[in-house]
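Positions are given from 1, in the same order as the sequence printed here. We count ligands from 1, going down the list as the structure has it; atoms in each ligand are counted the same way. A quick note: this is a predicted structure, and the numbers were derived from the prediction, not measured. Side chains included, hydrogens not; waters and symmetry mates left out as well; all remaining heavy atoms used.
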Amino acid sequence: MNRPLVIGNWKMNLDYVEAVHLIQQLGVVLKNKPLEHVDLVVVPPFVDIRSVTSVVESERVALEVGAQHASVHDAGAHTGEVSVSMLQRLNVTWVLVGHSERRAMYAMTDEVVAQTLRTVVRQGLRAVLCVGEELSVREAQNDRDFVTAQLHAALEGLDEKWRPLVTIAYEPVWAIGTGLTASTEQVREMTEHIRTVAASLSLGDVRVLYGGSVNAENAAALVNEGHVDGFLVGGASL
Ligand code: PEP
């Protein structure tokens, strides 16, 4: 098994005061826990990042800070966007790329996902590539082909030196924020498939996470029977 990784995606929740409160509470909870064998990341809204990293650094909370998205562009006339270098200046070390909510609600195409991933890793940040199918795709039994296509679109031709910076999160769209978790069997089958496709793209030891209504009750079974390297957690991370 790869080194476990758990990422909390706060989405568009918590203003900076609430974010400071939560990260301080997390700091207390994590103190004196045996965390040397696990990576933990929180992913607050952009406007909370500075406050959260200040607490993480001053109180030595054992986690890293990520961003939910980054612009595909390096700088310039892109109103409302945030660049990777701006995130880097805030000590952000991880960026979610192609979360299904960005793909579905903000027209993030496979092509933009691929370019954004390159923009992120070229500057040395870690990219969490999110893939996963809609319910209709699974019902039509096209889920594997769909995820394969997303992986190829994002990772084909990625320079060898950037590959260690990539993590893949399998997030079936029908399980995100719905309370419906994929069964451990469904998760195991898809994570094995993802590992096979990743290996064919020369990303042999990539970490594969699962996301979709993960919580304290179902996490252990998903690790033990789903064979994932960790989780991308939305609602329960709040
Ligand atoms: C997510 O935001 O990536 C996610 C998996 O959300 P939730 O855990 O709420 O389903």
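Met86 is connected to Val121 through a chain of hydrophobic side-chain contacts under 4.5 Å among Ile, Leu, Val, Met, Phe, Trp and Tyr, so both are in one cluster.
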Given Arg138 and Asp143, is the salt bridge (Lys or Arg N to Asp or Glu O under 4.0 Å) satisfied, shown in steps? CA-CA 5 Å; Arg138 180 163 278 271; Asp143 43 299; 3.3 Å; yes
Can Arg122 and Asp159 be said to form a salt bridge (Lys or Arg N to Asp or Glu O under 4.0 Å), step by step? CA-CA 10 Å; Arg122 258 196 282 116; Asp159 196 294; over 6 Å; no
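Taking all atoms of both residues into account, the shortest heavy-atom contact from Pro172 to Ala182 is CG-CB, 4.3 Å. When every heavy atom of Val84 is checked against every heavy atom of Ser71, the shortest pair comes out as CG2-O, 4.3 Å.
Between Phe46 and His69, the ring-plane angle classifies as tilted under the 30° and 60° cut-offs.
At a 4.0 Å heavy-atom cut-off, ligand 1 touches Leu232 through backbone and side chain alike. Under 4.0 Å from ligand 1, not a single heavy atom of Cys130 appears.
Under the 4.5 Å side-chain criterion, counting only non-hydrogen atoms from C-beta, Glu225 is not in contact with Glu185. Using a 4.5 Å cut-off on side-chain heavy atoms (C-beta onward), Ser202 and Glu160 make no contact.
Close approach to Gly212 involves these atoms of ligand 1, each under 4.0 Å from a residue heavy atom: 5 (C), 10 (O). The contact set between ligand 1 and Lys11, taken as ligand atoms under 4.0 Å from a residue heavy atom, comprises 1 (C), 2 (O), 4 (C), 6 (O). Contact atoms of ligand 1 toward Ala175: 10 (O) (distance under 4.0 Å to a heavy atom of the residue). With ligand atoms numbered from 1 in the order given, ligand 1 contributes 7 (P), 8 (O), 10 (O) to contacts under 4.0 Å with heavy atoms of Ser213.
Ligand 1 has a nitrogen or oxygen under 3.5 angstrom from a nitrogen or oxygen of Gly177. Residue-to-ligand polar distances keep Val233 apart from ligand 1: every N/O pair is separated by 3.5 Å or more. Below 3.5 Å of separation, one finds an N or O of His99 facing an N or O of ligand 1. In terms of polar-atom proximity, defined here as any N/O pair under 3.5 Å, Gly235 does make such a contact with ligand 1.
Closest to atom 3 (O) of ligand 1, if we only count protein heavy atoms, is Glu171 OE2, 2.6 Å. Gly234 N, 2.8 Å is the protein heavy atom nearest to atom 8 (O) of ligand 1.
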